[in-house]
Amino acid sequence: MSDFNLVDPRGWEYDLQSVYTAYLGHFQLHGIPWYERSWGVFFESFEEFLTFSWPVITITDCWTGKAHIVTRMTSIGAFLKMIKTRFGDTLTMVDNILRVQPFETSQRHMRTISDYASYKKLHSTLPAAVLAALKARVRSGEPKAIREIWDSKDKTFLAVSFESSERNPSTCLEWGFAAARCSYLDAVGVWPPDPEANYRRGHYIVTEYADKVHNKHRPNFPWAYSFGDSQQIPKSKLSQVIQAVISPDSETLPNSLVILIHEATGDLRRLEEMKIKLPHNVLILDTAAYERKLFASGQRGPMKDPNGNPHTQESVLSLTNMLQSQGVDVQCIMQNAGNHAFMCLLGFQLLIDQENTKIPIIRGGNAIPAMMRSGSRSSGGILTPTIAFSPSLPIPMMTPYGIMPASSPMIFPGLSPDLFMDRDSNSSSRRGSGNFPNIPTGDYTRRASTLSPIAQFPSRKDSDGDQDVTARINGLRIASA
């Protein structure tokens, strides 16, 4: 291979091997004895055909996702001109050559192939080209590509979520995940996954910050996990737990893991900051981008935004609004990493298979023990909340969006639940339009009341220390190697 240059992929659409086979078919169809002609040496084998020296690039088909080594029409014309000039015979342009519409739009590396060894070497790079294109297609929310990986039933869909300190975004306060291991579920005859029974999920609160760090502008609720029990974990062990969930695989084939986010690029940055080794071949799926593509293609039907205005292709639905558009009554607090991860996975499954997906009963009940408990630890290291009511204490209020403790900031009338419950703060405009009133910008510091965990309960330490956490890591792995 030589002449290494960058070229625009437009116009490079003719599969090189198809050029060779198309002419052999043409000769057979029209009874042309090519083997008796002097130029027939070029068609004795594909290796001889390559001796013409073909300029080629590698691309993937935007529809099938398959990779191809392609050339241009001008190069085919140059080959036919060579036949006429050197041998005096005229070959017509055939019309049964496989044409490929490139998915790639950026410049591609052009190489000149003149022997089979060079072609074979270039052909070995096609799986990596397929992977690169698949990653881009899935990340952009392309419905066809996402449908294919869902229908393959061999992936593990893993939603992850972090809650971080407002003052220091690199400080992780809690981490949550929810996963559906489709290959295992399909093997045991369960399809599609039942969110209530089949989602593996977890919620971890960093011990050093438990009941100590409270965000002011976008309050966090670490004790409001609605889908199980939370676990406390030392800061030094959190990255080890997260890494245990993600297993490395081949560098050229798609990993069995698909990481789900909802317009939460900050979660990906947090993984990088924690030096989590995310395999190069893991697919990342943004459910917000997927929803937009579905809506743009007419697969979601007419919709209205929280203000009552028609939903447009440019609109970005927050996770809470997306779930509500799917008929989910969001009763859990979304500013909890575990809840957000579970609901992100549920929202994705509803987008791709709403008809067959069972919506679990989502309770906001954990919001009460989240703020009104005397904390204790079970022997297995699981937080076991205990509700402790007192006649002298203010009672939590029930809102249309779940149970809110009395020590929480007030909910402004007429607001979307996103404003308080959704962690996707950049998903939509939240000031001064329609039903979204202007929120006062004064100092609304969250004051500790008699219900506040920071006032009532001391910081809890892991009684078994690092050994207790390390002992639980072995069973965390979700993606198979």
Side-chain angles (χ1 to χ4, degrees), residues 62 134-152 155 157-161 176-180 182 192-193 195 199 258-268 283-330 332 334-335 339-360 362 401 416-419 421-430 433-436:
C62 68
L134 180 61
K135 290 175 64 177
R137 295 169 67 197
V138 171
R139 183 65 184 269
S140 68
E142 182 185 307
K144 184 176 184 296
I146 294 173
R147 168 60 63 181
E148 288 174 353
I149 64 173
W150 175 260
D151 289 342
S152 68
K155 298 290 187 291
F157 292 87
L158 172 68
V160 297
S161 180
F177 76 89
C182 298
Y199 284 5
V258 181
I259 294 181
L260 299 180
I261 59 174
H262 188 89
E263 224 187 12
T265 54
D267 289 340
L268 299 179
L283 303 177
I284 297 176
L285 195 163
D286 186 344
T287 53
Y290 180 40
E291 190 281 331
R292 286 198 302 272
K293 288 292 182 69
L294 288 175
F295 181 80
S297 62
Q299 298 182 53
R300 295 216 64 202
M303 296 166 51
K304 292 185 178 181
D305 63 20
N307 297 329
N309 300 319
H311 184 47
T312 65
Q313 296 183 16
E314 294 75 23
S315 302
V316 180
L317 289 180
S318 67
L319 181 55
T320 300
N321 281 335
M322 186 183 81
L323 289 163
Q324 290 176 339
S325 73
Q326 296 165 323
V328 178
D329 183 16
V330 181
C332 60
M334 297 293 279
Q335 284 170 227
N339 293 343
H340 193 273
F342 186 96
M343 299 302 282
C344 182
L345 181 56
L346 173 63
F348 163 71
Q349 186 172 333
L350 287 171
L351 284 176
I352 202 163
D353 192 7
Q354 184 167 8
E355 183 178 349
N356 298 310
T357 298
K358 298 178 182 178
I359 299 179
I362 302 171
Y401 317 121
S416 163
D418 290 349
L419 198 57
M421 302 172 66
D422 201 347
R423 64 192 300 275
D424 303 323
S425 56
N426 296 324
S427 295
S428 59
S429 174
R430 288 168 167 76
S433 62
N435 294 330
F436 294 85

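Remember, it's a predicted structure, so these values are computed and weren't measured experimentally.
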- What residues form a ring pair (Phe, Tyr, Trp, His ring centres under 6.0 Å) with Tyr199, not counting sequence neighbours? Phe342

[X] to [Y] - nearest heavy-atom pair and separation:
| X | Y | answer |
| --- | --- | --- |
| Val138 | Ile284 | CG1-O, 3.7 Å |
| His262 | Leu317 | NE2-O, 2.9 Å |
| Ser161 | Asp267 | CA-OD2, 3.7 Å |
| Gln349 | Trp150 | CG-CH2, 4.0 Å |
| Met322 | Thr287 | SD-O, 4.2 Å |
| Lys155 | Ile149 | CG-O, 3.8 Å |

In the structure I gave you, are the side-chain heavy atoms of [X] and [Y] within less than 4.5 Å of one another anywhere?
| X | Y | value |
| --- | --- | --- |
| Lys293 | Arg300 | no |
| Leu350 | Val328 | yes |
| Pro195 | Ile359 | no |

- Quick one: salt bridge (charged side-chain N to carboxylate O under 4.0 Å, His left out) partners of Arg147, sequence neighbours excluded? Asp151

- Query: Looking at residues at least two apart in the chain, or sitting in another chain, which of them share a salt bridge (charged side-chain N to carboxylate O under 4.0 Å, His left out) with Asp353?
  - Reply: none

- Task: Only counting residues at least two apart or in another chain, list the ones meeting side-chain contact (heavy atoms from CB on, under 4.5 Å) with Lys358.
- Result: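 Once residues adjacent in sequence are excluded, the partners of Lys358 under the side-chain contact (heavy atoms from CB on, under 4.5 Å) criterion are Asp194.
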
Roughly how far apart are [X] [atom1] and [Y] [atom2], rounded to 0.5 Å?
| X | Y | atom1 | atom2 | value |
| --- | --- | --- | --- | --- |
| Asp286 | Glu263 | CG | CD | 6.5 Å |
| Leu134 | Glu148 | CG | CD | 8.0 Å |
| Leu260 | Phe177 | CG | CZ | 13.5 Å |

- Message: Show, in sequence, the C-alpha distance, side-chain angles and deciding distance for Leu285 and Ile146, and conclude whether the side chain to side chain contact (heavy atoms under 4.5 Å, CB included) test is met.
- Response: CA-CA 8 Å; Leu285 195 163; Ile146 294 173; 3.8 Å; yes

Of all residues at least two apart in sequence or in a different chain, which pass the side chain to side chain donor-acceptor pair (under 3.5 Å) check with [X]?
| X | answer |
| --- | --- |
| Ser152 | Asp154 |
| Gln354 | none |
| Arg137 | Glu142 |

- Stepwise side chain to side chain contact (heavy atoms under 4.5 Å, CB included) check, Val160 with Ile259: CA-CA 7 Å; Val160 297; Ile259 294 181; 4.1 Å; yes

- Message: Let's go through Cys344 and Ile261 carefully: what are the C-alpha distance in whole Å and the side-chain angles of both, what is the deciding distance for side chain to side chain contact (heavy atoms under 4.5 Å, CB included) to 0.1 Å, and is it a yes or a no?
- Response: CA-CA 7 Å; Cys344 182; Ile261 59 174; 5.8 Å; no

